2 protein chains.
Amino acid sequence: MLFAEHGFDAVSMRDITALAKVNLASVNYHFGSKRALLAEVVGSRAHLLVEERLRLLSALRRDKNGRPKLEDVIEAFLRPSLEMSRQPGGADHMRLRARLGVERVGESKAQFEQIFDASNEKIIDALAEALPDHPRAEIYWGFHCLLGIQNYTMANSGRIQHLSRGACDPTDVEATLARIVPFVANGFRALKRKRAAPRPRR
Amino acid sequence: MLFAEHGFDAVSMRDITALAKVNLASVNYHFGSKRALLAEVVGSRAHLLVEERLRLLSALRRDKNGRPKLEDVIEAFLRPSLEMSRQPGGADHMRLRARLGVERVGESKAQFEQIFDASNEKIIDALAEALPDHPRAEIYWGFHCLLGIQNYTMANSGRIQHLSRGACDPTDVEATLARIVPFVANGFRALKRKRAAPRPRR
DNA sequence: TTCTTGTTCAAACGATCGTTTGAATTTAAA
DNA sequence: TTTAAATTCAAACGATCGTTTGAACAAGAA
């Protein structure tokens, strides 16, 4: 998909219509504008992804104290994102989301990001349950790191493939999950109870 | 800086010249093209950043086995990136890099990424020294995670500020380093010796 | 001082852009 | 079957784009 490859602004309606063999005016008739086309393209898949996340979340196993396992929470968050690459057009959707992910939240993006707000909060809640000794603020930091890893993985820029000469391939869903999940889980554990942590402020 | 805010293609030369109060034709005269202007803007700072990284790397303390401390290596990588926000225009540069970071490696980007190739390899070498029991392939995975976190942090999209209602601020350099460095270090340790790790392939 | 080189500038070029227009065609409803 | 609504289409609109042009000005060299 062209938006994913080149970014919204670099791709013209004529590029799109030529590739899709549809008429320029028809696209405008049906979607109203280029911007609305993007919202449709992105929004429909995002809703599906959120549903799958919430499904995995509600199916989490709990220990006798009612706590989910940290690794399971992280996987519930990541797996729907990564597995999207297995659907038709899914890899492109992921890359488009990665582009949007590094943009500043603004009017054009607010609608899109809101799709994830509620489910993100639920993931953070589950993380907090799995890490009862961690203050909420630390959970947010860990989540920031998790978002960064997810976003970069979805972008699939080719960077780490290049650096590792192919030894490391983020498009391999299972291999990627097998690395990121423990990485992030252990990362979260490093954040625990840092009440005495120095916080110099400039 | 407009490129950072809106992306290369969404920003016109007229936007730039209006903001900078320079003449449109003069910019073309001096830089040759819009694309070359971008390369100049990005490249000069990137070289400075690489130099600082290499300086920190060569100054790493070593234990009696000659090994650097993992946390120190990670900080040597991250600090120059994050501290750039303290320089004039630095925050914009970071955000522009984050945009470029999620783009596919291609002609327009190859020149830029090569600036980091050699220093990235040196960081990975230092990581491998700090983690002598880890196979190189696992180090690359960890580095992928580190790149993702760096890129997202530089993007400063406002996402985690929004989710955490301000409790988590990636523009606070010291607070961010104090979280990311231990997070990543512990994440790397979770990857150790996974020779028996299942690697199902689709 | 004159000549050469470098720089700035307003205007223009040729191209592309998202969107609109109105006719023609297709589909749905009565 | 006729009418109404929906859809498609080629052409065009008004705007913007990166780049170029050539004159004017400034700076450097002889």
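Protein chains get the first letters and strands the later ones, always in sequence-line order, with residue 1 at the start of each. What you see is a predicted model; the values in this text were computed from it and never measured.
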> Any idea which heavy atoms bring B:Ser81 and B:Gln150 closest together, and the distance?
Replying inline: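 Here B:Ser81 and B:Gln150 meet closest at OG-OE1, 2.5 Å.
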
>> Let me test you: for the helix from C:dT1-D:dA30 to C:dA30-D:dT1, what is the angle between the axes at its two ends (five pairs each), rounded to 10 degrees?
In response: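 Terminal axis comparison yields 10°.
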
> In terms of the nearest nucleotide of DNA chain D, which residue is placed more toward the 5' end: A:Leu24 or A:His30?
Replying inline: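 This one resolves to A:His30.
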
In whole angstroms, how far is the [atom2] atom of [N] from the [atom1] atom of [X]?
X: B:Phe8; N: D:dC17; atom1: CZ; atom2: P; value: 13 Å
X: A:Phe31; N: D:dA6; atom1: CZ; atom2: C1'; value: 16 Å
X: A:Met13; N: C:dA15; atom1: CE; atom2: P; value: 23 Å
X: B:Asp15; N: D:dG18; atom1: CG; atom2: C1'; value: 12 Å
X: B:Lys34; N: D:dT19; atom1: NZ; atom2: P; value: 8 Å
X: B:Asn28; N: D:dG18; atom1: CG; atom2: C1'; value: 7 Å

>> What's B:Val27 touching, base or sugar-phosphate or nothing? Going by heavy atoms closer than 4.0 Å.
In response: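 Nothing, no nucleic acid heavy atom in range.
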
In terms of side-chain heavy atoms of [X], which of [options] is nearest?
X: A:Asn23; options: D:dT19, C:dG18, D:dC9; result: D:dC9
X: A:Arg14; options: C:dT20, D:dG18, D:dA12; result: D:dA12
X: A:Ala25; options: C:dT21, C:dT19, D:dC17; result: C:dT21

> Side-chain contact, heavy-atom cut-off 4.5 Å: A:Met94 with A:Thr153?
Replying inline: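 Side chain of A:Met94 against side chain of A:Thr153, heavy atoms only: no contact under 4.5 Å found.
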
Distance-only, no hydrogens or angles: does the [X] side chain make a donor-acceptor pair with backbone N or O of [Y] under 3.5 Å?
X: A:Lys122; Y: A:Arg53; answer: no
X: B:Arg45; Y: B:Val41; answer: no
X: A:Arg179; Y: A:Ala175; answer: yes

So, OP1 or OP2 of [N]: does either fall under 4.0 Å of a side-chain N or O from [X]?
X: A:Ser12; N: C:dC17; value: yes
X: A:Tyr29; N: D:dT8; value: no
X: B:Ser26; N: C:dC9; value: yes

> Between A:Phe77 and A:Phe143, how do the two ring planes meet: parallel, tilted or perpendicular, split at 30° and 60°?
Replying inline: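 Perpendicular, since the angle between the ring planes exceeds 60°.
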
>> Would you call the rings of B:Phe183 and A:Phe188 parallel, tilted or perpendicular, taking 30° and 60° as the class edges?
In response: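 B:Phe183 and A:Phe188: perpendicular rings.
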
>> Closest-nucleotide mapping onto DNA chain C: is A:Gly32 or A:Ala10 further toward the 5' terminus? I mean the 5' end.
In response: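 Counting from the 5' end, the first nearest nucleotide belongs to A:Ala10.
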
